[in-house]
**Q** 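Got a structure here, written out as structure tokens. Questions coming.
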There are 4 protein chains.
Amino acid sequence: MGTTETTGVERRWSRRKEARPAEIVAAALECFAERGFAGTTLDTVAARAGVTKGTLYLYFPNKEELFKAVVRESLLPHLEGVLGELSAVPDDPAERIRRLFGFFADRMLDSPLSVIPKLIVAEAGNFPEIARFYLAEVVSRGRGFLAGAIRQGIERGQFRPIDPEQAAYVLLSPMLLAVLWQRSLGPFDDRPFDGKALIRTHLDVFFRGIALEPQPPDREPRPS
Amino acid sequence: MGTTETTGVERRWSRRKEARPAEIVAAALECFAERGFAGTTLDTVAARAGVTKGTLYLYFPNKEELFKAVVRESLLPHLEGVLGELSAVPDDPAERIRRLFGFFADRMLDSPLSVIPKLIVAEAGNFPEIARFYLAEVVSRGRGFLAGAIRQGIERGQFRPIDPEQAAYVLLSPMLLAVLWQRSLGPFDDRPFDGKALIRTHLDVFFRGIALEPQPPDREPRPS
Amino acid sequence: MGTTETTGVERRWSRRKEARPAEIVAAALECFAERGFAGTTLDTVAARAGVTKGTLYLYFPNKEELFKAVVRESLLPHLEGVLGELSAVPDDPAERIRRLFGFFADRMLDSPLSVIPKLIVAEAGNFPEIARFYLAEVVSRGRGFLAGAIRQGIERGQFRPIDPEQAAYVLLSPMLLAVLWQRSLGPFDDRPFDGKALIRTHLDVFFRGIALEPQPPDREPRPS
Amino acid sequence: MGTTETTGVERRWSRRKEARPAEIVAAALECFAERGFAGTTLDTVAARAGVTKGTLYLYFPNKEELFKAVVRESLLPHLEGVLGELSAVPDDPAERIRRLFGFFADRMLDSPLSVIPKLIVAEAGNFPEIARFYLAEVVSRGRGFLAGAIRQGIERGQFRPIDPEQAAYVLLSPMLLAVLWQRSLGPFDDRPFDGKALIRTHLDVFFRGIALEPQPPDREPRPS
DNA sequence: CATGAATGAGATTTCATTCAT
DNA sequence: TATGAATGAAATCTCATTCAT
């Protein structure tokens, strides 16, 4: 099924113009995620991509542009996915929020993409362009989606009145923690970390916390 | 005019000599926080500390040890402070949690120390020793403090039963977000970000979310 | 539809194939002249010749041989021309010199060939073979031709006795200046430069300068 | 007399901040003159200057700036010299011209500086800034000096009327030839080349060529 | 103690050359 | 014959580290 016949012989030399950029980007994403921009050498990237250093320069003019391409091109195809996912979402605000978190827990948390927030946090100061890109394409959209859902819930009398923007940050923060934890301190901690469970607990607490009515609906109001 | 005449009078010159390491650590903290470990040159650190490169090696054997010293020595004196603060804390679990957040909002959020989480997130993979140190000295303590308070609240019947560890992470996450935001994406966003307000909203939602009883105690039970 | 049908009709496609080496040499001449040997990349040459880098290696074994071929093949066809031109030349020495300069002014000064002296000057040290080739084929012949004419003129009593070799250099030098000026400093100077006028002035001054008799023959001897 | 005691021991490491830039510039001048800008490696320059590559970057930000500095700084101190020399020059135009050529023959022809014209010719296209600098500081001045002297001679009735600008180029050209010959084709030629003799012959021919009166003044006007 | 010129290992980048297609 | 992706050696450039002063 491959483009070239899979012989047992390792070829030192092959032409795969189509596949190369994506392979390089994938390799670079891992490297940058592990050691950061400045800490990554192009030797490492090239080795991981299975090419030589010179080949990198066939596709990217320099290390900086490679880095930007990595962030952009890793993100872009997934943004489509998320947007599609969320547009086909029910009308109920709480349900929409649950849907986003479900998507995050199922499709982001364990994917190679989950390294990107760490990269952004670490390199935003050195790459303003990337910072702004991520802000616009990811953070603003997520924030907008969540704040919109909360606002709607408040208008419909489902949530008590709180600042939707603040609530959006509150909602986002455990996702950030989950994703950063996995890629930084998590591996050094002896306690297991369950991101999905964290998300569940968080949503449970959050929805109770913004509910209009006394929460447990199965509980009888106390007779006076 | 001896160089080390120990009179009662503090001389600016000799004080400087003793202050050097601390000055270097402070300068290095800023540099590392801005550009990461690999992205920081010792020239920059030296310039910001107002000394020359060679001087750094008088106090630190190499760049890596300087980095470790920076994290450790920036953190250590404050750990004392926090622990003292929290030990003299009321018995009520909710109040203890509020006290920690108050301390964080008042004393950490705007201090130079707030860059450390970003540093840790970015460099944990490259500095396991530092990762473990931070995990033990900061994360574990914070997590333990919060989980303990929640567990106590549950036992006392103030909070509904939830996993205290998970709840601790939920509690921690907006602090992390606040502190990272300020040092990475925040400066590129055009919307203002109010960390303290975020913390308030968060605590408000959280406490309602884990409350045992139907929340608004000021609300009259509905007459049957 | 065969690829190599040899009809009497010249096909553009097959003509092209035969023209390739010459096209490459022409393109390379411009490139080398503009940036020198080391400063020229084969990418540039290939692009200007309208082929790809690999194609260059079909015709020339490496960059160095391409360079040598460029100098030799650019020069060779013209040497024939000059020699033919000058062999059919009158017997009068002054006239023969004028004829050479006329040829230079009319046919060399504005041709692409005029870049070669600059190339030779710049690269002689790096390409002894080329230096010797140019010395033998161009410089020696020119010098010989001029020195011979001057010697003849002296013998015939038309010129005053001077060292014919030295005079040959004196004669050559404004041609060199003209040709180098056009290709190096000329383009940066705001004053216009007229090579042909320079040559005229030069010849005028030179012939008066080597004349045996008091020059203006049209001038009446002063009456006592 | 040196700043450091001359021990027999070769020191691998020495501090000579004052001398370094000049040493590097001198070494680089030779290298660039021999192989051109692109053909010169910084390894070679460093080796010839007796330092390591890194040291070059202590004094020059990159190869290009080193090149510019080489041309500028090699020239500048000598420009002073020439101007001083020529300002203290007699009033007679012919004498002033002779003085310039004398200076050139005695002080430039065999100095390391004589490589600069070759460098300029070769690299003008790649370094417009340098081209303009040389044009303004050297060529324009020389041209102006010579054209001025010639104009003065014409006005005074010493020279016959010719275009002073053209004549200036005619005057300059054998100097250019002499200096380029030495550094490019000369070494490959088996005939000896005597630059000073060339200059003498040239001046002799030139002055006769622009003389107003029939040259040999000792010759009696023919009686009618 | 402090300096900062110098180093040299290692990073990024370039480009002549090769070779599967 | 022609291509152009890929190579790899060698170039430029950076910077942590050393050490004479």
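Within every chain, numbering begins at 1; the chains are lettered A, B, ... in the order of the sequence lines, protein sequences first and strands thereafter.
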**Q** CD of A:Glu65 versus P of E:dT12: gap in Å, rounded?
**A** 15 Å

**Q** Can you check the C:Phe67 CZ to E:dA16 C1' distance for me, whole Å?
**A** 16 Å

**Q** Would you call A:Arg48 and A:Glu34 a salt bridge, using N to O less than 4.0 angstrom?
**A** yes

**Q** If I take atom CG in residue B:Leu58 and atom P in nucleotide F:dT17, what distance separates them, rounded to the nearest angstrom?
**A** 15 Å

**Q** Taking atom types as modelled, find out whether A:Glu123 and A:Asn126 have a side-chain donor-acceptor pair closer than 3.5 angstrom.
**A** yes

**Q** Summarise how protein sits on nucleotides 11-16 of chain F as a single string, 5' to 3': B when a protein heavy atom is under 4.0 Å from the base, S for sugar-phosphate-only contact, - for no contact.
**A** SBBBSB

**Q** With sequence neighbours excluded, tell me which residues meet ring-ring contact (aromatic ring centres under 6.0 Å, His included) with A:Phe127.
**A** A:Phe37, A:Phe67

**Q** Using whole Å, what does the distance between atom P of nucleotide F:dA5 and atom CG of A:Leu56 come to?
**A** 15 Å

**Q** Please determine if a side-chain N or O atom of D:Tyr59 lies less than 4.0 Å away from the OP1 or OP2 oxygen of E:dA5.
**A** no

**Q** Going by an N to O cut-off under 4.0 Å, is there a salt bridge joining B:Glu129 and B:Arg72?
**A** yes

**Q** Atom CG of B:Leu66 and atom C1' of F:dT17: how far apart are they, to the nearest Å?
**A** 13 Å

**Q** I'd like to know if the side chain of B:Thr55 reaches the main chain of B:Val51, judged simply by a donor and an acceptor atom lying under 3.5 Å from each other, with no hydrogens or angles considered.
**A** no

**Q** Does E:dA6 have its OP1 or OP2 closer than 4.0 Å to a side-chain nitrogen or oxygen of D:Arg20?
**A** yes

**Q** Starting at CZ of A:Phe60 and ending at C1' of F:dA6, how long is that distance when rounded to a whole Å?
**A** 15 Å

**Q** Check C:Cys31 against C:Thr40 and note the closest heavy-atom contact, atom names and distance.
**A** O-OG1, 3.2 Å

**Q** Checking the side chain of B:Lys118 only, and the main-chain atoms of B:Ser184 only, is there a donor and an acceptor separated by less than 3.5 Å?
**A** no

**Q** Quick one: do C:Asp43 and C:Lys53 satisfy side-chain contact (heavy atoms from CB on, under 4.5 Å)? Show the steps, please.
**A** CA-CA 6 Å; C:Asp43 267 309; C:Lys53 246 189 311 182; 3.2 Å; yes

**Q** Reading 5' to 3' and counting Watson-Crick or G-U wobble pairs with both distances under 3.5 Å, write the dot-bracket notation for DNA chain F, | for bases paired outside the strand.
**A** .||||||||||||||||||||

